[in-house]
Visitor: 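Here it is, the structure in full.
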Amino acid sequence: MDSVIDARHVSEPGLVVLDITAADEETALALMDELQQLWATSGITTIRRDPAQPGVRARVYADIRRTNPGGEAGLPRDREEQAATENS
């Protein structure tokens, strides 16, 4: 991607910028849809096709601390908390 990532997009743990490259638009759209089901994201973003480059590209901003209410995704817990949860 040719656009610069602004410091505010990654200013805290849990904020990520994902540059996606996929074979086709349908694959990129499916991935962005799945990501927004898991985390708070910028949603379905513009898909670009760059001349002389294979596939299509997109950029998604996500906050993986904020999960979809129906999902289980988020930042990994520490081992003790994970073990306690699994043994409950």
Visitor: Would you name the heavy atoms of Y61 and V17 that are closest together and state the gap between them?
Guide: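 Residues Y61 and V17, closest heavy atoms: CD2-CG2, 3.6 Å.
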Visitor: Apply the side chain to side chain contact (heavy atoms under 4.5 Å, CB included) test between V56 and each candidate in T21, I20, I47; give the one that qualifies.
Guide: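 With V56 as partner, side chain to side chain contact (heavy atoms under 4.5 Å, CB included) holds for just one option, I47.
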Visitor: Could you walk me through whether R57 and D50 pass the salt bridge (charged side-chain N to carboxylate O under 4.0 Å, His left out) test, one step at a time?
Guide: CA-CA 8 Å; R57 291 173 175 57; D50 297 328; 3.8 Å; yes
Visitor: Examine distances only and state if a side-chain atom of T45 and a backbone atom of R59 form a donor-acceptor pair shorter than 3.5 Å.
Guide: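 Checked: pair present.
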Visitor: For residues 25-34, tabulate all N or O donor-acceptor pairs below 3.5 Å that involve a side-chain atom, not counting sequence neighbours.
Guide:
from	atom 1	to	atom 2	distance (Å)
T27	OG1	D24	OD1	2.7
D33	OD1	Q36	NE2	3.2
D33	OD1	Q37	NE2	3.4

Visitor: Please determine whether side chain to side chain contact (heavy atoms under 4.5 Å, CB included) holds for the pair R65 and L15, giving the CA-CA distance in whole Å, both sets of side-chain angles, and the decisive distance to 0.1 Å.
Guide: CA-CA 8 Å; R65 302 167 299 182; L15 300 180; 3.4 Å; yes
